[in-house]
Chemist: 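Structure incoming, see below.
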Amino acid sequence: MRKTKSLHPSTLVIKTSLSLFFALFLGLARPDPDPLQDYCVADQKPPQAQSVFINGAACINPKLVVPSHFATSALGKPGNTKANAFGFNVTLASIANLPGLNTMGLTMARVDIGPNGLVPPHAHPRASEVTVCLKGSLLVGFVDTTNKLFTQQLRAGDSFVFPKGLIHFLYNLDSGSEALAISGLSSQNPGAQIASLATFTSKPLLPDVVLEKAFQITGQDVMRIRKNLGG
């Protein structure tokens, strides 16, 4: 008889975690309206060429749909974690590179985090998020509306759920190597708002007095923080 190769324990853990992740994620992907057809592959014409604007993207003619509309390799490419001061990069699989996602109520993301890098406190106003750590060691957490903090350390194969609309973060605990995670979000357009950037680098800027009172800081502090954040 032919012997079957046994999987390495760490590989088995990651495969099992990914299976549970996708099962849980697909169960959560319901906030967007349900589609009224099998699929609605996004029409990727530039906005100026569109004559009708709808909540989402218009469909192409179903007769023009091909298998490649439902596939992408976008998440297979590492992101540049040195492109910002926080040390992270998010690569999305969205209707821009996976038009078959249109009306399916979900988005996938690859999250690369540099050594001691941080995905800073942020929120997705239209989606819950399930994250699975594929490599490295992550400290993740969210704050609920009573200001209670929930944190967990994740290793390869571990998963964590961030409730819809709540502030959350991901931090790479390793100072010597990058971490990698995959996230699923329960909306075609989850939105993302980084708290520090929204507060200090909005356009136009929030009045200094608002920030001074909200954070109990001085005008000089406001200027210094804005400068550090590129505002």
Side-chain angles (χ1 to χ4, degrees), residues 5-31 72-82 84 86-94 98 101 104-187 190-195:
K5 291 184 179 180
S6 59
L7 292 174
H8 189 276
S10 62
T11 303
L12 182 61
V13 167
I14 291 176
K15 284 181 176 290
T16 303
S17 298
L18 282 172
S19 298
L20 292 172
F21 160 73
F22 284 114
L24 177 59
F25 173 56
L26 290 174
L28 287 175
R30 286 297 173 192
T72 183
S73 58
L75 302 187
K77 303 170 185 175
N80 180 13
T81 60
K82 297 180 181 179
N84 59 65
F86 301 112
F88 80 98
N89 186 86
V90 174
T91 304
L92 293 176
S94 63
L98 187 57
L101 272 180
M104 297 299 164
L106 55 90
T107 298
M108 298 295 296
R110 174 188 174 122
V111 187
D112 293 279
I113 310 176
N116 286 153
L118 171 72
V119 181
H122 65 285
H124 304 292
R126 294 178 288 276
S128 303
E129 179 178 359
V130 184
T131 295
V132 57
C133 178
L134 297 183
K135 173 183 151 186
S137 179
L138 293 174
L139 178 68
V140 301
F142 68 87
V143 180
D144 72 10
T145 55
T146 68
N147 285 335
K148 183 176 181 180
L149 173 65
F150 295 82
T151 61
Q152 184 73 33
Q153 183 174 341
L154 304 183
R155 295 181 176 84
D158 294 339
S159 302
F160 195 79
V161 176
F162 301 112
K164 179 179 179 180
L166 295 185
I167 291 284
H168 59 283
F169 68 90
L170 300 91
Y171 175 65
N172 183 0
L173 293 166
D174 194 327
S175 60
S177 59
E178 296 201 350
L180 172 64
I182 291 288
S183 289
L185 298 107
S186 61
S187 173
Q193 190 170 43
I194 295 177

Chemist: On a heavy-atom basis, which atom in Leu154 and which in Ser159 lie closest, and how many Å separate them?
Modeler: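 Looking at all heavy atoms of both residues, the closest pair is CD2-O, 3.9 Å.
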
Chemist: Give me the atom names and distance for the closest heavy-atom approach of Gly117 to Tyr171.
Modeler: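 Heavy-atom minimum between the residues: O-CD1, 3.3 Å.
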
Chemist: Ignoring hydrogens and geometry, is there a side-chain-to-backbone donor-acceptor pair from Ser137 to Arg155 under 3.5 Å?
Modeler: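 Between the backbone of Arg155 and the side chain of Ser137 there is no qualifying donor-acceptor contact (under 3.5 Å).
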
Chemist: Using 0.5 Å steps for rounding, measure from the OG1 atom of Thr72 to the NZ atom of Lys77.
Modeler: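 Result: 7.5 Å between the selected atoms.
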
Chemist: Please check if atom CD in Gln193 has more than 12 non-hydrogen atoms from other residues, nucleotides or ligands closer than 6.0 Å.
Modeler: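 For Gln193, atom CD is not crowded (no more than 12 foreign heavy atoms under 6.0 Å).
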
Chemist: Please report the interatomic distance CG(Leu166) to CD(Glu129), rounded to the nearest 0.5 Å.
Modeler: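 Answer rounded to 0.5 Å: 11.5 Å.
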
Chemist: Is the side chain of Asn172 donor-acceptor paired with the backbone N or O of Leu118 at a distance under 3.5 Å, no angle test?
Modeler: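 Checking the backbone N and O of Leu118 against the side chain of Asn172, no donor-acceptor pair under 3.5 Å is found.
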
Chemist: Would you say Phe150 and Val143 make side-chain contact, with heavy atoms under 4.5 Å?
Modeler: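 Counting from C-beta outward, Phe150 and Val143 never come under 4.5 Å.
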
Chemist: Check Met108 against Gly184 and note the closest heavy-atom contact, atom names and distance.
Modeler: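 Closest pair (atom of Met108, atom of Gly184, distance): SD-CA, 3.9 Å.
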
Chemist: Do side-chain atoms of Asn89 reach the backbone of Gly114 as a donor and acceptor pair under 3.5 angstrom?
Modeler: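 Answer holds: no.
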
Chemist: Check step by step if side-chain contact (heavy atoms from CB on, under 4.5 Å) holds for His124 and Leu185.
Modeler: CA-CA 9 Å; His124 304 292; Leu185 298 107; 3.5 Å; yes

Chemist: Taking all atoms of both residues into account, what is the closest heavy-atom pair of Leu138 and Leu173, and its distance?
Modeler: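 Taking Leu138 first and Leu173 second, the nearest heavy atoms are C-CD1, 4.1 Å.
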
Chemist: With a 4.5 Å heavy-atom cut-off, do Thr151 and Phe169 have their side chains touching?
Modeler: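 Answer yes - side chains close enough.
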
Chemist: For the atom pair CG (Leu101) and CG (Leu92), what is the distance rounded to the nearest 0.5 Å?
Modeler: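 These two atoms lie 10.5 Å from each other.
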
Chemist: To the nearest 0.5 Å, how far apart are CG in Asp112 and CZ in Phe88?
Modeler: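 One gets 11.0 Å once the value is rounded to the nearest 0.5 Å.
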
Chemist: From Ile182 CD1 over to Thr91 OG1, what is the distance, rounded to the nearest 0.5 angstrom?
Modeler: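 Answer rounded to 0.5 Å: 8.5 Å.
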
Chemist: Quick one: are Pro115 and Glu178 in side-chain contact, heavy atoms under 4.5 Å?
Modeler: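 Yes - at least one pair of side-chain heavy atoms lies under 4.5 Å apart.
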
Chemist: What pair of heavy atoms forms the shortest contact from Phe162 to Val140, and how long is it?
Modeler: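 Nearest heavy atoms, Phe162 then Val140: CZ-CB, 3.9 Å.
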
Chemist: About how many Å separate CZ of Arg110 and CG of Leu134, when rounded to the nearest 0.5 Å?
Modeler: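 Spacing of CG (Leu134) from CZ (Arg110) equals 8.5 Å.
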
Chemist: Check whether any side-chain heavy atom of Thr131 lies under 4.5 Å from a side-chain heavy atom of Val111, and answer yes or no.
Modeler: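 No, too far: nothing below the 4.5 Å cut-off.
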
Chemist: If you take all heavy atoms of Ala192 and Pro125, which pair is closest and at what distance?
Modeler: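 It is N-CD, 4.3 Å.
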
